[in-house]
Structures are given as structure tokens and as C-alpha cells.
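Have a look at the structure below, then the notes.
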Amino acid sequence: MIDLYAWPTPNAFKISIFLEETAVPYRIIPVNIGKGEQFTPEFLKISPNNRMPAIVDPNGPDGQPISVFESGAILVYLGDKLGQFFPKETRARAKVLEWLFWQMSGVGPMFGQVGHFTRYAPEKIPYAIDRYTNEAKRLVGVLNRRLGETDYVAGEYSIADMAIYPWVKLINTAYTGIGDADFPHVKRWLDQMTARPAVEKGMAILEDQRVRRPLSAEEQDNLFGKKQFAPKE
Ligand SMILES: N[C@@H](CCC(=O)N[C@@H](CS)C(=O)NCC(=O)O)C(=O)O
């Protein structure tokens with residue numbers, strides 16, 4: 001049984017989608033990042049960057065338990081372990097890695113900043129909102145061009161689609177008004193992804209904990225305040 005340390009955000013949905021796509025048994029250990037549970041010494045042993053998601057696989061490669069943090073690394077680990085959604089052949093694998101790294105280095109951080117400056121920043125800073133929204137739109141444009149050429153981002157359905165989907169789905173619907181009309185190939189792919197039962201289930205984990213209101217002062221402090229920068233044991 002794989003333990004998935006998670007809270008209902010796009011980075012965790014990547015992993016729940018993968019696990020739902022496979023028949024591998026897993027359970028969710030909630031890490032309430034608004035309450036500061038990411039700072040406990042037990043969690044920091046698994047995820048020293050005080051971020052979820054993370055996994056613990058009791059049956060690692062040598063039969064011993066292994067923990068993995070960073071959603072991209074988790075997808076690579078699970079894809080290799082289960083031999084699914086991550087090809088072994090070098091050319092196909094390189095394609096998946098290109099788009100996975102594109103998500104991890106571009107889409108995740110930039111979309112995250114769109115969310116931060118549009119929803120959470122205590123003051124509205126037009127330069128920051130424009131900067132990150134424009135960059136998010138540029139990235140969706142890159143995705144749109146790619147999806148005009150292929151069914152799924154790396155050719156076959158893969159861990160790269162699972163990494164990109166939760167962020168693009170979220171930003172399309174919640175933040176920026178990045179329009180379906182401007183990105184028809186992304187729209188087609190989003191519909192295709194949304195129709196997969198495992199994607200639907202993966203996106204619904206910890207649904208009752210989704211924060212759809214302004215953050216409380218405690219949540220704001222845990223996520224963006226001094227605890228982030230305090231030395232950790
Ligand atoms: N690059 C990391 C990012 C993970 C991440 O940013 N997780 C956020 C929620 S989406 C988190 O755990 N935040 C807790 C905190 O900021 O202390 C990954 O992809 O796993």
C-alpha cells in the first residue's frame with residue numbers, strides 16, 4: 001500500500017491521477033498545509049522542502065521502504081516501478097521527460113505565481129499579475145501548438161499529461177479567463193482528459209477539504225509567512 005501525503009491542490013492531483021489510472025493500492029495521508037502540518041519533523045523527514053505531495057512506498061526497489069518528494073520525481077518513480085505511462089525506449093522517454101520538465105519548471109511555478117498574485121497577495125500589484133498571467137498564457141500557447149500535432153502531449157498518454165492537466169484545468173476555470181476559444185487544441189485535450197474516470201477520481205481527492213474561500217490569517221501565515229523561512233530541524 002503506497003502512502004500519498006497530499007492536500008487537494010494540482011501538484012497532489014498529478015499523483016492521485018496516476019494512482020487511480022493503475023490498480024495499485026494507495027491511501028491518502030492528509031497534510032493540511034493551511035494548518036502548518038508540512039512543518040512537522042515527521043513530514044520534513046519525508047519531504048525536506050516542506051511541500052506536498054510526497055509518497056512512501058513500503059516496498060521499494062530493494063524491498064525496503066522508500067520515500068520520494070517532488071511530484072515530477074514521484075511520477076517518474078511510479079512510472080518506472082509499475083511500467084506504465086512512462087516508456088522505457090529512449091526516444092519516447094525523452095519526449096515524456098521534455099514535457100514533464102516543461103511542466104515542473106514552467107507551468108507549475110508560473111501558474112502558481114498567477115494564483116498567488118491574483119488571489120493571495122495582500123496588495124494587488126498589476127505588474128506582477130500581468131507578468132505571470134502573460135507567461136501562463138504563453139505557456140498555454142506552447143501547449144496548444146504541441147497538441148495541434150499530437151493526441152497527447154508526448155504522443156501516447158503519459159505521466160506528462162497527468163502533470164500538466166491539473167494546472168491547466170485549474171487556471172482555465174478559476175483564475176485568468178484564459179479562453180478555450182484561443183486554445184482549441186488545449187480545449188480538445190482537456191475534454192479528453194476530463195472524460196477519463198481515473199482523472200475525475202484523481203481530481204476529487206480530499207474534495208471536502210478544498211479551500212474555495214479567502215485564506216484565514218492562520219493559513220496565510222503558514223503558507224507565506226515566517227514559518228517558511230525559519231530554520232528547520
Ligand atoms: N515542486 C513541488 C511543488 C509542490 C508545492 O508547491 N506544494 C504546495 C501546495 S501546491 C505545498 O505543499 N505548499 C506548502 C507550503 O508552501 O508550505 C512539486 O511539484 O511537488
Side-chain angles (χ1 to χ4, degrees), residues 2-19 26 28-57 66-79 86 96-122 132 136 139 158-171 173-175 202-207 209-212 215-233:
I2 289 179
D3 285 343
L4 168 59
Y5 290 78
W7 199 240
T9 80
N11 288 316
F13 298 148
K14 300 171 188 178
I15 314 304
S16 48
I17 290 173
F18 181 99
L19 291 165
Y26 78 102
I28 294 172
I29 317 266
V31 182
N32 187 332
I33 57 177
K35 286 219 166 97
E37 291 174 5
Q38 69 275 37
F39 301 116
T40 64
E42 300 74 43
F43 183 66
L44 288 171
K45 271 194 206 124
I46 296 167
S47 184
N49 197 33
N50 64 267
R51 301 280 189 276
M52 64 84 229
I55 60 162
V56 174
D57 177 0
I66 182 173
S67 63
V68 186
F69 73 100
E70 277 294 325
S71 56
I74 299 170
L75 288 171
V76 165
Y77 173 78
L78 291 173
F86 188 32
V96 172
L97 287 172
E98 275 179 348
W99 288 100
L100 180 64
F101 277 63
W102 176 82
Q103 191 289 320
M104 293 299 300
S105 61
V107 172
M110 293 300 140
F111 285 29
Q113 296 304 324
V114 173
H116 183 81
F117 284 104
T118 54
R119 285 179 77 176
Y120 303 128
Y132 291 116
L139 288 162
S158 74
I159 54 173
D161 299 284
M162 298 175 198
I164 299 166
Y165 172 84
W167 278 106
V168 175
K169 176 81 179 165
L170 180 89
I171 207 140
T173 51
Y175 292 129
M203 294 290 287
I205 58 159
L206 299 170
E207 180 63 33
Q209 304 288 348
R210 284 281 283 268
V211 177
R212 292 191 167 88
L215 297 179
S216 68
E218 185 202 1
E219 289 166 335
Q220 189 91 10
D221 190 48
N222 278 322
L223 290 168
F224 313 123
K226 53 189 178 317
K227 271 197 205 147
Q228 288 290 342
F229 312 106
K232 313 284 185 305
E233 282 176 27

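When a ligand or atom number is given, it counts from 1 through the structure's own listing order.
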Exercise. Answer side chain, backbone, both or neither: which part of I33 comes under 4.0 Å from ligand 1, heavy atoms only.
Key: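 Only the side chain of I33 comes within reach of ligand 1.
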Exercise. Tell me which part of R51 gets within contact of ligand 1: side chain, backbone, both or neither, using heavy atoms under 4.0 Å.
Key: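 Looking at R51 and ligand 1, atoms from backbone and side chain both fall under 4.0 Å.
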Self-check item: Shortest reach to atom 12 (O) of ligand 1 by a heavy atom, considering only M104, M52, Q103, Q228
Solution: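 It is M52 whose heavy atom sits nearest to atom 12 (O) of ligand 1.
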Quiz item: For ligand 1, which atoms sit closer than 4.0 Å to a heavy atom of N50?
Solution: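 It comes down to these atoms of ligand 1: 14 (C), 15 (C), 17 (O).
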Exercise. Under 4.0 Å from a heavy atom of Q38: give me the atoms of ligand 1 that qualify, with their elements.
Key: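 Close to Q38: 14 (C), 15 (C), 17 (O).
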Do [X] and [Y] come within less than 4.5 Å of each other through their side chains, counting heavy atoms only?
X    : Y   : answer
N222 : I33 : no
I29  : V56 : no
E37  : M52 : no

Practice problem: Might you work through the side chain to side chain contact (heavy atoms under 4.5 Å, CB included) test for F111 and L139, ending with a clear yes or no? | Solution: CA-CA 9 Å; F111 285 29; L139 288 162; 4.2 Å; yes
Practice problem: Return yes or no for this condition: an N or O of G72 is under 3.5 Å from an N or O of ligand 1. | Solution: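 There is no such contact.
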Quiz prompt | Heteroatom proximity flag, E70 to ligand 1, N/O under 3.5 Å | solution =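 Yes, there is a polar N/O contact under 3.5 Å.
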Quick one: nearest non-hydrogen protein atom to [atom], plus distance?
atom                    : answer
atom 10 (S) of ligand 1 : T9 OG1, 3.1 Å
atom 3 (C) of ligand 1  : N11 ND2, 3.6 Å
atom 20 (O) of ligand 1 : S71 N, 2.8 Å

Practice problem: Look at ligand 1 and say whether G108 reaches it with a heavy atom at a distance under 4.0 Å. | Solution: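 False for this residue.
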Practice problem: Report yes if the distance between the aromatic ring centroids of H116 and F224 is under 6.0 Å, otherwise no. | Solution: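 Between F224 and H116, which both carry aromatic rings, the centre distance is below 6.0 Å.
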Quiz item: For F13, which of P8, P53, S71 qualifies under side chain to side chain contact (heavy atoms under 4.5 Å, CB included)?
Solution: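 Of the listed residues P8, P53, S71, the side chain to side chain contact (heavy atoms under 4.5 Å, CB included) partner of F13 is P8.
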Exercise. Considering only NZ, NE, NH1 and NH2 on the basic side and carboxylate oxygens on the acidic side, decide whether E207 and R212 come within less than 4.0 Å.
Key: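 Looking at E207 and R212, the cut-off is met.
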